[in-house]
Enquirer: 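Below you'll find the structure I mean.
As the structure is a computational prediction, the values presented were derived from the model and not from experiment.
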Amino acid sequence: PEKRKQLLNFFIPGLTAVILTGITEPIEFTFIFISPILWLLNSIFAGISFLIPALLDVTIGNVQGGIIDWLVFGVLQGLETKWYIYLVVGPIFFGVYYFSFKYIIEKFNILTLGKNEQDFENEELDTKDDSSSSISETGQYIVEGLGGVDNINDIDNCISRLRVEVLDADLIDEKLINKTKPNGIIRPDKNIIHIVYGGAVTQMRNHVDDYMYNSKKGED
């Protein structure tokens, strides 16, 4: 409950994208990497959600499936598209998703966003202490844990994790990285490392970029 405000602030942009365009990745990325059970359940429900309208001959065009498509390619095209079926099927799927996910999350204590003690911790720290020393220290732990600036070949981030390609995997020091309290470290390939930060990933990316920029500037 104490993290509900931060959680809502995190989810609102993603929910907006889902509702308007039907792009669901911003929501799915918050749980598919931490819970195979939820990932599998979501895959099944998503498949059924396409199957049922197809069986009922719903013919709304376009491929995104957001409210814009529902209005433009469904409602405005007349009753023959059977757009009204979504008004019945939609709430049913909402209930199925909500109660199924709630049961599994509580049953297996799955640390979805907001349940982990470290979630939004860096955000709270920054609001209390935005000194350059705390920022550079966080960036330093990550960069040095990745083997230093010169060992980082490419760095990117998605909605929940830093995705880094290094030149020499042997130089990675996970103990240093763990000082920044990530939700997890994943090594999908020898020279690829994913550092999961959940909702704090954007801030952690900023710390890394700032530290790398200042390091290169100092060398010049």
Side-chain angles (χ1 to χ4, degrees), residues 3-108 110-115 119-120 123 154-163 183 186 188 192 194 196-203 205-206:
K3 297 183 180 181
R4 189 165 292 157
K5 182 179 179 180
Q6 295 100 314
L7 194 68
L8 286 173
N9 290 337
F10 175 84
F11 270 112
I12 285 173
L15 286 171
T16 302
V18 172
I19 293 170
L20 293 179
T21 68
I23 298 173
T24 58
E25 283 85 349
I27 305 299
E28 292 162 345
F29 282 174
T30 64
F31 65 82
I32 63 175
F33 297 116
I34 62 173
S35 175
I37 298 176
L38 293 182
W39 177 84
L40 179 62
L41 195 64
N42 178 66
S43 301
I44 294 172
F45 287 168
I48 295 174
S49 72
F50 280 95
L51 175 64
I52 291 178
L55 293 175
L56 297 175
D57 293 325
V58 178
T59 55
I60 297 176
N62 215 349
V63 295
Q64 295 297 332
I67 194 170
I68 295 175
D69 286 354
W70 180 73
L71 289 171
V72 175
F73 299 99
V75 177
L76 296 181
Q77 303 305 314
L79 293 177
E80 58 270 14
T81 64
K82 296 187 177 180
W83 55 265
Y84 48 85
I85 287 179
Y86 280 100
L87 298 177
V88 178
V89 175
I92 293 175
F93 267 95
F94 172 82
V96 170
Y97 260 100
Y98 177 79
F99 290 107
S100 298
F101 270 53
K102 186 175 187 294
Y103 174 79
I104 291 175
I105 290 170
E106 292 180 346
K107 175 73 173 179
F108 299 101
I110 297 172
L111 296 180
T112 48
L113 191 61
K115 292 187 67 178
D119 287 343
F120 305 110
E123 179 179 315
D154 183 63
I155 185 167
D156 194 8
N157 69 277
C158 63
I159 198 169
S160 63
R161 61 177 65 188
L162 289 177
R163 299 182 292 192
N183 295 339
I186 302 170
I192 302 294
H194 293 178
V196 183
Y197 287 110
V201 67
T202 302
Q203 290 179 328
R205 174 66 188 274
N206 289 338

Enquirer: Can you name the nearest heavy-atom pair linking Ile104 to Ile110, along with the distance?
Expert: CG2-CD1, 3.6 Å
Enquirer: Taking Ser35 for the side chain and Phe31 for the main chain, is one N or O donor matched with an acceptor at less than 3.5 Å?
Expert: no
Enquirer: State, yes or no, whether a side-chain contact exists between Trp39 and Ser43 at a heavy-atom distance under 4.5 Å.
Expert: yes
Enquirer: Enter the distance from Asp154:CG to Ile192:CD1 here, rounded to the nearest 0.5 Å.
Expert: 8.0 Å
Enquirer: Mind checking the CD-CD1 spacing from Glu25 to Ile32? Nearest 0.5 Å is all I need.
Expert: 8.5 Å
Enquirer: Hey, what do you get for OG1 (Thr81) to CG (Leu79), rounding to the nearest 0.5 Å?
Expert: 7.5 Å
Enquirer: Looking only at non-hydrogen atoms, find the nearest pair between Val88 and Ile92 and report the distance.
Expert: O-CG1, 3.4 Å
Enquirer: When rounded to the nearest 0.5 angstrom, what distance separates CG in Leu20 from CG in Leu15?
Expert: 10.5 Å
Enquirer: Can you name the closest pair of heavy atoms from Pro53 and Phe50 and give their distance?
Expert: CD-O, 3.5 Å
Enquirer: When the ring centroid of Phe93 is compared with that of Phe45, is the distance short of 6.0 Å?
Expert: no
Enquirer: Is there a side-chain contact between Asp156 and Arg205 in this structure, where contact means two heavy atoms from C-beta onward sitting under 4.5 Å apart?
Expert: yes
Enquirer: Taking atom CG of Leu38 and atom CD1 of Ile105, what is their separation to the nearest 0.5 Å?
Expert: 5.5 Å
Enquirer: Within the structure provided, determine whether Glu28 and Asn42 are in side-chain contact (heavy-atom separation under 4.5 Å).
Expert: yes
Enquirer: Can you find a pair of side-chain heavy atoms, one from Phe11 and one from Thr30, that are under 4.5 Å apart?
Expert: yes
Enquirer: Quick one: does Val58's side chain get under 4.5 Å of Trp83's, heavy atoms only?
Expert: no
Enquirer: Side chains of Val18 and Ile23, heavy atoms from C-beta outward: is any pair under 4.5 Å?
Expert: no
Enquirer: Would you indicate whether the side-chain heavy atoms of Ile60 and Tyr86 approach each other to under 4.5 Å?
Expert: yes
Enquirer: Rounded to the nearest 0.5 Å, what's the gap from CG on Asn9 to NZ on Lys3? Could you check?
Expert: 14.5 Å
Enquirer: For the pair Tyr98 and Phe94, name the ring-plane relationship: parallel under 30°, tilted 30 to 60°, perpendicular over 60°.
Expert: parallel
